[in-house]
Amino acid sequence: MMEATRALPAFEEAAAEAFAERVAEMANTAAVTVMVSLGHRTGLFDTLSSLPPSTSVAIAEAAELSERYVREWLAAMVTGGIVSYDGKSGTYHLPPEHAACLTRGAPLGNLAVAANAIPVIAAAHDRIVECFETGEGTRYEDYPCFHQMMAEDSGQTVVDQLFDLILPLAPELPGRLVQGIDVLDAGCGSGRALVAMAARYPNSRFTGYDLCADAIASAQQTARAAGVENVRFERRDLTGFDEKEAYDLVTSFDAVHDQKDPQGLLKGLYGALRPGGVYLMQDIGGSAKLENNLDFPMAAFLYTASCMHCMPVSLGQGGNGLGTMWGWETALEMLKEAGFEAPEKSTFDHDPLNVWFVSRKA
Ligand SMILES: C[S@@+](CC[C@H](N)C(=O)[O-])C[C@H]1O[C@@H](n2cnc3c(N)ncnc32)[C@H](O)[C@@H]1O
């Protein structure tokens, strides 16, 4: 009897060569991304955007940085298609169309902040290799500057939109905040959103809790600098959180999926609200199903952030590692499981990455 054989699919030589080219281009682009991060952190993009075409010496002087490093960085920027170069005069220029998404306060949003996420999460690369073998997790300390990067990121996606778009998602909130209510921000990070609200609503009282001491120190410093006294920050592990009916508004900005016990946290936040209170939650807007995320904006970036940071920091706390792409469907189910009867889901056209839920306690 002849043995059944299963033919392997034919090897497509051209497809393999095209894919190899793509992988090489990916490495090239990834390298430029690290340089974009450096341009942001050193302030070089901001300096360049204020200068006419200039030599590396003039740029380094204006930025108060080492000329040798600046020149090498500029070469990467020129070959990476970000900065233009005139070989005759030896001058470099950042076109205003490129500055429009690479500088602080840029009109299109500063995408160099997203580039900065790559070296921040890659700082744990070697540890993550070990984690693949052991299944263990990481600690926030494995990612130096994580909270600084996060504060800049949420500064754009949350703080800049807070008063015009986000708080009005629950139309009663701005008025109640003016009158004076108690507000908790769970997983407040560096506390920028809470300090902005405390400054705007002096009759309300604001509390921010976060696991990380460096984030809380930064939040306290920001509050002092802003001169607001109606906000307090405390280092607190929210695992098992059980303050009862102490707040009228609870917020969490991108701070549920990477917890040790996200469902337990949501139950705790429900319990912490007074009757009639509102829970305003922002998280990543992907679907729980991979097949639904194939066209989701920056999906590969988000799964990478998940694998390198959000999932392992939860696993590292002994948690279940939901991951960044836990999905809005899972979030809705978990909000209902926590006690919220009818969470309302919203998205903003200008920010397709994030999803917002307004949940009320009867
Ligand atoms: C992605 S960051 C968001 C921070 C901040 N809400 C923002 O938008 O910038 C998630 C935050 O959750 C905090 N976090 C994680 N696990 C926690 C826990 N068990 N208890 C309290 N905070 C926790 C982290 O320290 C981190 O600041």
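We number each residue from 1, following the sequence as shown. Order of appearance sets the numbers: ligands from 1, and atoms from 1 within every ligand. Note that this is a predicted model, so its numbers are computed, not measured.
- If you check the side chains of T239 and Q259, you find no donor sitting under 3.5 Å from an acceptor.
- The protein atom (non-hydrogen) at minimum distance from atom 15 (C) of ligand 1 is Y140 OH, 3.3 Å.
- When hydrogens are left out, the protein atom nearest atom 16 (N) of ligand 1 is Q317 NE2, 3.2 Å; that is the closest non-hydrogen contact.
- Of the heavy atoms in S314, none comes closer than 4.0 Å to ligand 1.
- Scanning the protein heavy atoms around atom 18 (C) of ligand 1, the nearest turns out to be Q259 OE1, 3.2 Å.
- Inclusion of G187 in the set of residues having an N or O under 3.5 Å from an N or O of ligand 1 is warranted.
- The distance from ligand 1 to the heavy atoms of T239 drops below 4.0 Å at these ligand atoms: 19 (N).
- In this structure, Q282 falls outside the shell of residues with a heavy atom less than 4.0 angstrom from ligand 1.
- Annotation for ligand 1: atoms under 4.0 Å from non-hydrogen atoms of R236 are 20 (N), 21 (C).
- Judged by the 6.0 Å distance and 45° axis criteria, K361 is positioned over the aromatic ring of Y270.
- Close approach of ligand 1 to C212 is summarised as follows: ligand atoms under 4.0 Å from at least one heavy atom of the residue are 25 (O).
- Scanning all heavy atoms of the two residues, the minimum distance from D182 to A246 falls at CB-O, 3.6 Å.
- Ligand 1 has an N or O atom lying under 3.5 Å from an N or O atom of F253, backbone or side chain.
- Legend: ring pair (Phe, Tyr, Trp, His ring centres under 6.0 Å) pairs involving residues 288-319, not counting sequence neighbours, sorted by first then second residue: Y140-H309, Y143-H309, F146-H309.
- Residue H93 comes nearest to P96 through the heavy atom pair NE2-CD, 4.2 Å, listed as atom of the first residue, atom of the second, then distance.
- Here the closest non-hydrogen pair linking Q317 and K260 is O-CD, 2.9 Å.
- The number of heavy-atom neighbours closer than 6.0 Å to CZ of R68, taken from other residues, nucleotides and ligands shown, is above 12.
- A salt bridge is defined here as a Lys NZ or Arg NE, NH1 or NH2 lying under 4.0 Å from an Asp or Glu carboxylate O, and R127 with E130 meets this definition.
- Checked by atom type, the side-chain pair T157/Q161 shows no donor-acceptor distance below 3.5 Å.
- Atom 11 (C) of ligand 1 has as its closest protein heavy atom D210 OD2, 3.8 Å.
- In summary, the atoms of ligand 1 found under 4.0 Å from a heavy atom of L238, numbered by their order in the structure, are 18 (C), 19 (N), 20 (N), 21 (C).
- For Y209, the closest heavy-atom approach to ligand 1 does not fall below 4.0 Å.
- Close contacts of ligand 1 with H147, meaning ligand atoms under 4.0 Å from a residue heavy atom, involve 25 (O), 26 (C), 27 (O).
- A pairwise comparison of heavy atoms in P262 and L322 identifies CG-CD1, 3.7 Å as the closest pair.
- Applying the 4.0 Å criterion to heavy atoms of L211 picks out, from ligand 1, the atoms 16 (N), 17 (C), 18 (C), 20 (N), 21 (C), 22 (N), 23 (C).
- Counting atoms of ligand 1 from 1 in the listed order, those under 4.0 Å from a heavy atom of D237 are 18 (C), 19 (N), 20 (N).
- Residue D254 places no N or O, backbone or side chain, under 3.5 Å from any N or O of ligand 1.
- Within the listing of ligand 1, atoms 7 (C), 8 (O), 9 (O) sit less than 4.0 angstrom from a heavy atom of S154.
- Looking at R192 and S154, their side chains never bring a donor and an acceptor atom within 3.5 Å of each other.
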